[in-house]
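No experiment lies behind these values; they were computed from the predicted model shown. Order of the sequence lines sets the chain letters (A, B, ...), proteins ahead of strands, with each chain counted from 1.
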There are 2 protein chains.
Amino acid sequence: MNQYSFTEENYLKAIYKLSERDDGKVTTNQIAEIVKTAAASVTDMLQKLSEKKLILYQKYQGVSLTLSGKKIALGVIRKHRLWELFLTSKLGFKWDEVHDIAEQLEHIQSEKLVQNLDRFLGKPKFDPHGDPIPDENGKFQSQKAFPLSDAKKTYTLTITGVIDHHPDFLQYLDKCGLALGKKIKVQGKTGYDNSMNISFLNSKQQLFISFDVAKNILVTL
Amino acid sequence: MNQYSFTEENYLKAIYKLSERDDGKVTTNQIAEIVKTAAASVTDMLQKLSEKKLILYQKYQGVSLTLSGKKIALGVIRKHRLWELFLTSKLGFKWDEVHDIAEQLEHIQSEKLVQNLDRFLGKPKFDPHGDPIPDENGKFQSQKAFPLSDAKKTYTLTITGVIDHHPDFLQYLDKCGLALGKKIKVQGKTGYDNSMNISFLNSKQQLFISFDVAKNILVTL
DNA sequence: ATTTATATTTAGGTTTGCCTAAATTAATTA
DNA sequence: TAATTAATTTAGGCAAACCTAAATATAAAT
């Protein structure tokens, strides 16, 4: 009944994530970039998803998800994030190792499995990268976090998430001692290249980070 | 490099399980039965697997696994059984609910995931149905268990496994109070239909089970 | 040893998801 | 507004894994 292919789920997830950012119509090329296929293949799939009423699609006009499409996308994202948390909190994986495995696990079909896993993990609200985990109805708390690059001086900030999930980036943060929950303060900003000088609470340690890095770190006041 | 498709893995697993029993060449129709496809489709796949040197295949002569084929099959079985145990021991599933989910999970590709899961579960030797779990080298203890239907009277027996894994059968055992580890004694056998009268240790409870049921229960002395 | 039955393979065709190249539409720039 | 560029779609094709029907090989029965 409710069975969609691995590939279909990945397209829906990609469309969801794109429309989350741009908050409008998603284009063929954007999707092609994410799912790593030729644009022509994307067009094929869009026609198929449209027939199944999972997306709204008109030639050349971009796409958006229908309610059913969004539900499926959120279900996949929910599974992805639960599995990521499982891998780190129970199996001892580091946060830079879990993405590829969760990309596979997110397609396992079993409503009961998701519910039991959710309970086993204690109905968590956030995954190891600080992303919110949708509940069984697709609802989640959207964080009021903002990129560190937007931060003013003086305030004490808490690191609550990352935007870039690439292993290289995460490993770099590890090396700097930057982890979720860490409290930091912006000591200074260089006007020229927007790089930042930050310090940790309870430590004299200082750190320089580039604008590109700061853009990908999410913090709250 | 070491990547085989979902389907290829299922064929190899089927061939492994069939050759375990009959201990010889496996036929096209036997495989077709297990993987639930037409015999002609099996022939297609056998030719493909043969080219990849995962099986030894000659037209009309049946097949057997090569060493590489066997390794892959055992890897899949290892994963299947580890996941089944995870589902029952950590997520609260019952032994009749885990098969279909494990059929999906067994194809997740990540050597590290398997190792970490194995460690998380305490390097278990048996799955929830009493089947041995191969280690990272494909080695496992083959049980010296035998079907309850072959048991003589008098001895106290321990239930250590089941042959049939169908939910119906397992639920029936649950209803009878027959579970792994339970100690029983054969009180009598009916010559006519080979049905059995068994009793539990530490209980006056008596039970009649058919020959068909007894054939699918494994016990040790 | 033939004949009959069963098992297996070949032939031809489908679907899914992908590709490249060519055509078309939309967006941008002159 | 016309011309150029970029994005998107159509056309035609490929590989994987499946199917049915027909052909062929093996096994069983007379």
Side-chain angles (χ1 to χ4, degrees), chain A residues 1-15 18-19 21-22 24-65 69 72-73 76 103-104 106-107 109, chain B residues 1-15 18-19 21-22 24-65 69 72-73 76 103-104 106-107 109:
Chain A
M1 359 216 120
N2 233 39
Q3 212 103 289
Y4 298 96
S5 78
F6 197 100
T7 311
E8 288 170 323
E9 288 190 344
N10 280 337
Y11 273 89
L12 293 171
K13 189 178 56 154
I15 296 166
L18 287 167
S19 47
R21 292 233 163 280
D22 312 351
K25 290 287 166 57
V26 174
T27 70
T28 302
N29 269 0
Q30 286 177 308
I31 301 168
E33 162 99 38
I34 294 195
V35 301
K36 279 160 183 27
T37 48
S41 310
V42 174
T43 301
D44 283 352
M45 181 57 87
L46 293 183
Q47 285 161 352
K48 195 174 143 197
L49 294 175
S50 181
E51 273 166 34
K52 296 192 181 182
K53 307 225 185 283
L54 299 172
I55 61 173
L56 299 172
Y57 170 61
Q58 300 208 104
K59 282 194 192 196
Y60 298 104
Q61 304 304 305
V63 292
S64 59
L65 291 175
I72 295 161
V76 175
E103 285 287 301
Q104 302 178 62
E106 72 189 6
H107 301 292
Q109 304 273 3
Chain B
M1 359 221 120
N2 232 39
Q3 211 101 289
Y4 297 96
S5 78
F6 197 100
T7 312
E8 287 171 324
E9 287 190 346
N10 280 338
Y11 274 90
L12 293 171
K13 189 179 60 156
I15 296 166
L18 286 166
S19 47
R21 292 233 164 279
D22 311 351
K25 289 286 164 63
V26 174
T27 71
T28 302
N29 270 359
Q30 287 178 308
I31 299 168
E33 162 100 38
I34 294 194
V35 300
K36 277 160 185 29
T37 48
S41 309
V42 174
T43 301
D44 283 353
M45 181 57 87
L46 293 183
Q47 285 160 352
K48 195 175 141 197
L49 293 175
S50 181
E51 271 163 37
K52 297 192 181 181
K53 308 225 185 285
L54 298 171
I55 61 172
L56 298 172
Y57 170 61
Q58 302 209 100
K59 284 191 190 199
Y60 298 104
Q61 304 305 301
V63 292
S64 59
L65 291 174
I72 294 161
V76 175
E103 285 287 302
Q104 300 179 63
E106 73 189 5
H107 300 292
Q109 304 272 4

Student: Can you list everything that forms a side chain to side chain contact (heavy atoms under 4.5 Å, CB included) with B:Tyr60? Sequence neighbours excluded, please.
Tutor: none
Student: Between atom NZ in A:Lys25 and atom C1' in D:dA7, what is the gap in whole Å?
Tutor: 16 Å
Student: Looking only at side-chain N and O atoms, does A:Thr27 come under 4.0 Å of OP1 or OP2 in D:dA7?
Tutor: no
Student: Once you round to the nearest 0.5 Å, how far does CD1 of A:Ile55 lie from CD1 of A:Ile72?
Tutor: 11.5 Å
Student: For B:Lys53, enumerate each residue passing the salt bridge (Lys or Arg N to Asp or Glu O under 4.0 Å) test, keeping only those at least two apart in sequence or located in another chain.
Tutor: none
Student: What heavy-atom pair brings B:Tyr4 and B:Gln109 nearest, and what distance separates the two atoms?
Tutor: O-NE2, 3.5 Å
Student: A:Lys59: what forms a salt bridge (Lys or Arg N to Asp or Glu O under 4.0 Å) with it, not counting sequence neighbours?
Tutor: none
Student: List the atom pairs, with distances to 0.1 Å, where a side-chain N or O of residues 27-47 of chain B and a protein N or O form a donor-acceptor pair under 3.5 Å, not counting sequence neighbours.
Tutor:
unit_1: B:Thr27; atom_1: OG1; unit_2: B:Gln30; atom_2: N; d: 3.3
unit_1: B:Thr27; atom_1: OG1; unit_2: B:Gln30; atom_2: OE1; d: 3.3
unit_1: B:Gln30; atom_1: OE1; unit_2: B:Thr27; atom_2: N; d: 2.9
unit_1: B:Gln30; atom_1: NE2; unit_2: B:Asp22; atom_2: OD2; d: 2.7
unit_1: B:Thr37; atom_1: OG1; unit_2: B:Tyr11; atom_2: OH; d: 3.4
unit_1: B:Thr43; atom_1: OG1; unit_2: B:Ala39; atom_2: O; d: 3.3

Student: Rounded to whole angstrom units, what separation is found between the CD atom of A:Gln47 and the P atom of C:dT15?
Tutor: 16 Å
Student: With the threshold set at under 4.0 Å for non-hydrogen atoms, list the residues of residues 29-45 of chain B touching DNA chain C in residue-number order.
Tutor: B:Asn29, B:Ala39, B:Ala40, B:Thr43
Student: One thing to verify: whether A:Lys13 and A:Glu8 come together as a salt bridge, which I'm taking to mean a side-chain N less than 4.0 angstrom from a carboxylate O.
Tutor: no
Student: Is A:Glu9 reaching over with its side chain to a backbone N or O of A:Ala73, donor-acceptor style, under 3.5 angstrom?
Tutor: no
Student: Dump the pairs, protein N or O against N or O of nucleotides 26-28 of chain C, anything under 3.5 Å, distances to one decimal.
Tutor:
none

Student: How would you label the contact of A:Tyr11 with the nucleic acid (heavy atoms, under 4.0 Å): base, sugar-phosphate, or nothing?
Tutor: sugar-phosphate
Student: Calculate the interatomic distance between A:Phe6 atom CZ and D:dA16 atom C1'; express it in whole Å.
Tutor: 16 Å
Student: Would one find a side-chain N or O of B:Thr28 under 4.0 angstrom from OP1 or OP2 of C:dT9?
Tutor: yes
Student: Send over the distance from B:Gln58 CD to C:dT9 C1', rounded to a whole Å.
Tutor: 15 Å
Student: Within this structure, what is the OG-CD distance for the pair B:Ser50 and B:Gln58, rounded to the nearest 0.5 Å?
Tutor: 8.5 Å
Student: How long is the line joining CG of B:Leu49 and P of D:dA16, in whole Å?
Tutor: 12 Å
